[in-house]
Amino acid sequence: MRKNKLLLGIGLAAVVCVAIYQYVNYQAAKIIGQQIDYINQSYAEMASAGLMPGLSLSYQRIKANYWQDDYRIEGVQVDVAAVGVLAEVAQLQVRGFEPGTLADNGQVSIVGLKLSDGMQVFLPPELAKLAKGLFINTDYQYHYSGKSGNLRLTQQLYIGEGFSVNFQLQMQKMQRFWQFAKQWTAMDAEAQQVFSQSDAYSQQLTQALTEGLVAEGQLNIVNGGFLQALYQALRQTEQTAQVEALKGQLEQFLTQHPSLPSAISQPLLVFLADPRALTFQFKLEQPLSFVQLQQGEWPEQVQSAEQMLEFGNMLLLVNPE
């Protein structure tokens, strides 16, 4: 009898745990759905005020795993008023999301983004042919260290199997910016929308970035034929003359610009002629603020483009064998 009672108690406890697990996940999914509702409401209000076209988001289902900070929105569609479905996304995945707070680590992945079939008919035939069946996948990650104030951003973009871009940026002294971001995250979606359109938002964001420093970064591009296919498709459009002239204008700029070092211009000329792979990386000897970079304020010892390359430990590689 005691054994049966023990088994019954264990069974009831398991049922309760499963029920709690499912309920918390349900509530988490509900919160995400409410966020999307707020976004759609904000879009509608801005459209009625003439600030943007009528835009709305819809989805088929939300899968939430609160315990693993894993949330997936499937079957997303972007609708434009009087036009129809503009784009479709097979799945939007968010990790590190905590309602009302900002996690130190986060990830957003977009899987299977494509232009809707209805929109492809508005493209020139060659571009429509290129876009048909072409999916875009992107993955964005961030990591913030409250102890050091360092913030690392990483992003990967894949266009079909023929093109990819990987980007990474390392920043320092981002405590003030992170505090601003946490305060903004604590607002509900409606308050966020109102605040983001105010002058105070721009002022506070600028102030939050004044202490931030850019330290190092890297950009990788791999082209498996997509750029060539895009170029050929653009040549078949009404803007053929402009497309034909663009490459020549870029080559002329790279060969004749007086302040452009050959260590930059020559690899770029090679990539224009044969775009297969490009890697650009830098690591500043002395991290610079966003304001300095925006205004082009380099240290006093940097007086030439060559010194800028040396100060930034900049390296540009194209089509490595």
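Basis for what follows: all heavy atoms, side chains included, without hydrogens, waters or symmetry-related copies. As the structure is a prediction and not an experimental result, all values here were calculated from the model. Sequential numbering from 1 along the given sequence is applied to the chain's residues.
Proximity of M171 to L169: side-chain heavy atoms (C-beta onward) are separated by under 4.5 Å at one or more points. Counting only heavy atoms from C-beta outward, the side chains of L130 and L230 approach each other to under 4.5 Å.
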Next on the checklist: Checking L92 against Y59 for the side-chain contact (heavy atoms from CB on, under 4.5 Å) test, could you report, in this order, the C-alpha distance in whole Å, the side-chain angles of both residues, the deciding distance, and whether it holds?
Outcome noted: CA-CA 10 Å; L92 175 64; Y59 57 91; over 6 Å; no
Item to check | Check against side-chain contact (heavy atoms from CB on, under 4.5 Å), Y142 and T154 | outcome: CA-CA 6 Å; Y142 71 86; T154 305; over 6 Å; no
Next on the checklist: Between Q107 and D139, does the side chain to side chain donor-acceptor pair (under 3.5 Å) criterion hold? Intermediate values first, please.
Outcome noted: CA-CA 7 Å; Q107 178 180 359; D139 185 81; 2.7 Å; yes
Next on the checklist: Assess the residue pair E216 and N313 against the criterion (side chain to side chain donor-acceptor pair (under 3.5 Å)); give the C-alpha distance rounded to whole Å, side-chain angles, the decisive distance to 0.1 Å, and a yes or no.
Outcome noted: CA-CA 9 Å; E216 59 184 284; N313 293 293; over 6 Å; no
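Rounded to the nearest 0.5 Å, atoms CD (Q204) and CD (Q179) are 11.5 Å apart. To the nearest 0.5 angstrom, M174 atom CE is 13.0 Å from S145 atom OG. The CD1 atom of I110 sits 9.5 Å away from the CG atom of N137 when rounded to the nearest 0.5 Å.
No donor-acceptor pair closer than 3.5 Å links the side chain of S116 to the backbone N or O of A87.
In this structure, E211 does not pair ionically with K173, as no charged nitrogen and carboxylate oxygen lie closer than 4.0 Å.
With sequence neighbours left out, Q168 forms a side chain to side chain donor-acceptor pair (under 3.5 Å) with no residue at all.
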Side-chain donor-acceptor distances from residues 261-290 under 3.5 Å, at least two apart:
unit_1 : atom_1 : unit_2 : atom_2 : d
S265   : OG     : P261   : O      : 3.3
D274   : OD2    : R276   : NE     : 2.8
D274   : OD2    : R276   : NH2    : 3.4
T279   : OG1    : N220   : OD1    : 2.9
S289   : OG     : Q292   : N      : 3.1
S289   : OG     : Q292   : OE1    : 3.3

